[in-house]
S.K.: 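Take a look at this one; I'll ask things after.
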Amino acid sequence: MLLYGNTFNLREIRIVTGNTVLGKRIVALFLLAFKISFDMMPDEDESGKQIYSITDSAKIDRIYELYGFSKDKMLAHNVNLGVLEDECCRTSFVRGAFLTGGAVTDPSKSYHLEIVTAHYNVSRQTYSLLIDMEFSPKETSRGGNYIIYFKQSAAIEDFLTLIGAPIHAMQLMSAKIEKDIRNTVNRKVNCDTANVSKIVDASAMQIAAIEKIMRAGAFENLSERLQQVAKLRIENPESAIKELAEMSTPPVTKSCMNHRMRKLIEISLTFQD
C-alpha cells in the first residue's frame, strides 16, 4: 500500500482513496504494523476522495526503519521480494497494490484494469511478480507514473478473483455475456436489415421491368411461365426470390426463379419507354 499509495518519501506519506471502508482499514493496519496514527485524516462524513497523511518526521523515520531502509543510502524504492516467496504473501501484496493504486473500468463500456505507482523499480518488480503468478500484464507510463494493466476480460476476472473480489469478477463475466449477446443481436439485425434492403432493391427493379413490358403491350406475348412469375412478383413485392419459388405452381428452385426474373429484365430492355 505504501509503494502504490499517492506519496511515499522522507517528507510525507500520503494515501488517497474514495473508499471509506478501505480508509478505515488503512488506519487499523498502520496502528497494527507501526503503532502510529495519521497526522491528517478525513472527517467521518466526508465524501469523495479521502486523504490520509503522515508528515511527522519521527513517524516516517519509524516506518523506514521497520522496513530496514537506510534513508541516507536509499536511492529508490524497491519491492522486498524476499518476503514474497509464499503464494499467500504475493496475493496480499498484489491486493494492497490494487486497493491503493488500482482502478478498473465499467465492464459494460470497456475492459481495463490498471495498477499505478510513481516508482519505476516497484512497477518493474511487480510486473515480474505477476509474470511468476502466471499473469500476462502489459506496461506503460503516463504523467510520470508507471502502469501495469490488463485489457483482456478473462485476465481481469482472474486477477479480481485472486485478490478476493470474486463477486466483482462474476459481475464482469455477466457484463461480458450481456455485451456479447447484445452484439450478436445487433449483428443479426444489421444483417437482416441488409438482406431486406437487397430484397426491396431487387424487387423494385423486377417490378419496373414487368411494368415496362406491360406498357409496351407485350405481356400477353410472354410464355405462360414468365407470365406466372411476373404476376407473383407484382402481387408479392416484399417476398424474397426463394419465397416466390415456393409459391410457383408447380414450385421451382430458387435458381430457376432467378433465371426467369433475369429473363423478364432482358425482355424489358428491348422496349423503349
S.K.: Please check if the number of heavy atoms outside Met40 that lie under 6.0 Å from its CE is greater than 12.
M.R.: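 Yes, CE of Met40 has more than 12 neighbouring heavy atoms, counting only those of other groups under 6.0 Å.
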
S.K.: How close do Pro137 and Ile148 get, heavy atom to heavy atom, and via which atoms?
M.R.: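 For Pro137 versus Ile148, the nearest heavy atoms are CB-CG2, 3.5 Å.
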
S.K.: Are Lys231 and Ile234 side-chain neighbours, meaning at least one heavy-atom pair lies under 4.5 Å?
M.R.: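 SC-SC contact between Lys231 and Ile234 ruled out.
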
S.K.: Is it the case that more than 12 heavy atoms not belonging to Leu269 sit under 6.0 Å from its CG atom?
M.R.: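 Result for CG/Leu269: enclosed.
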
S.K.: Does Thr249 offer a backbone N or O that forms a donor-acceptor pair with the side chain of Gln228 under 3.5 Å?
M.R.: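 Between the backbone of Thr249 and the side chain of Gln228 there is a qualifying donor-acceptor contact (under 3.5 Å).
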
S.K.: With a 4.5 Å heavy-atom cut-off, do Tyr111 and Pro107 have their side chains touching?
M.R.: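 Heavy-atom side-chain distance check passes, below 4.5 Å.
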
S.K.: Which heavy-atom pair separates Gly23 from Tyr52 by the least distance, and what is that distance?
M.R.: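 What the structure gives for the nearest pair is CA-OH, 3.2 Å.
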
S.K.: Inspect the surroundings of CD in Glu85 and state if more than 12 heavy atoms from other residues, nucleotides or ligands are less than 6.0 Å away.
M.R.: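 Counting other residues, nucleotides and ligands, CD of Glu85 stays at 12 neighbours or fewer.
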
S.K.: Indicate whether the side chain of Ser123 and that of Glu139 have a donor and an acceptor atom separated by less than 3.5 Å.
M.R.: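 No pair is found: no donor N or O on one side chain lies under 3.5 Å from an acceptor on the other.
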
S.K.: Given Leu222, which of Ile210, Leu264, Val229 fulfils the side-chain contact (heavy atoms from CB on, under 4.5 Å) condition?
M.R.: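 Of the listed options, the one satisfying the test is Leu264.
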
S.K.: Less than 4.5 Å apart, any side-chain heavy atom of Arg225 and any of Val252?
M.R.: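 Answer no - side chains too far apart.
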
S.K.: Does Tyr64 reach the side chain of Leu10, with side-chain heavy atoms less than 4.5 Å apart?
M.R.: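 Yes; the side chains approach each other to less than 4.5 Å.
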
S.K.: So, do Phe150 and Phe135 have ring centers that fall under 6.0 Å from each other?
M.R.: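 Between Phe135 and Phe150, which both carry aromatic rings, the centre distance is below 6.0 Å.
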
S.K.: Between Phe30 and Phe38, how do the two ring planes meet: parallel, tilted or perpendicular, split at 30° and 60°?
M.R.: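 Geometry flag for Phe38 against Phe30: tilted rings.
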
S.K.: Taking all atoms of both residues into account, what is the closest heavy-atom pair of His77 and Asn121, and its distance?
M.R.: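 Scanning both residues, the minimum pair turns out to be O-CB, 3.4 Å.
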
S.K.: If you take all heavy atoms of Ile207 and Pro237, which pair is closest and at what distance?
M.R.: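 Heavy-atom minimum between the residues: CD1-CB, 3.7 Å.
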
S.K.: Might you point out which heavy atoms bring Gln206 and Ile241 nearest each other, and give the distance in Å?
M.R.: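 Where Gln206 meets Ile241 most closely, the heavy atoms are NE2-CD1, 3.9 Å.
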
S.K.: Any heavy-atom pair between the side chains of Lys242 and Met257 that's under 4.5 Å?
M.R.: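 No - every pair of side-chain heavy atoms lies 4.5 Å or more apart.
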
S.K.: Provide the closest heavy-atom pair for Ser239 versus Ile199 in the form atom of the first, atom of the second, distance.
M.R.: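 Closest approach of Ser239 to Ile199, heavy atoms only: O-CG2, 3.8 Å.
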
S.K.: Tell me if the NZ atom of Lys59 is crowded by more than 12 foreign heavy atoms within 6.0 Å.
M.R.: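 Yes, the 6.0 Å shell around NZ holds more than 12 heavy atoms from other groups.
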
S.K.: Inspect the surroundings of NE2 in His168 and state if more than 12 heavy atoms from other residues, nucleotides or ligands are less than 6.0 Å away.
M.R.: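 No, the 6.0 Å shell around NE2 holds no more than 12 heavy atoms from other groups.
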
S.K.: Within this structure, what is the CG-CG distance for the pair Leu162 and Asp158, rounded to the nearest 0.5 Å?
M.R.: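 Rounded to the nearest 0.5 Å, the CG-CG separation comes to 8.5 Å.
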
S.K.: Leu3 versus Thr126: any side-chain heavy-atom pair under 4.5 Å?
M.R.: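 Counting from C-beta outward, Leu3 and Thr126 never come under 4.5 Å.
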
S.K.: Got Glu220 and Gln227 here, is their nearest side-chain heavy-atom distance under 4.5 Å?
M.R.: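 When only atoms from C-beta onward are counted, Gln227 and Glu220 do touch, with a gap below 4.5 Å.
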
S.K.: What I'd like to find out is whether the side chain of Leu22 reaches to under 4.5 Å of the side chain of Met1, using heavy atoms alone.
M.R.: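 A side-chain contact exists here, since the closest heavy-atom pair is under 4.5 Å.
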
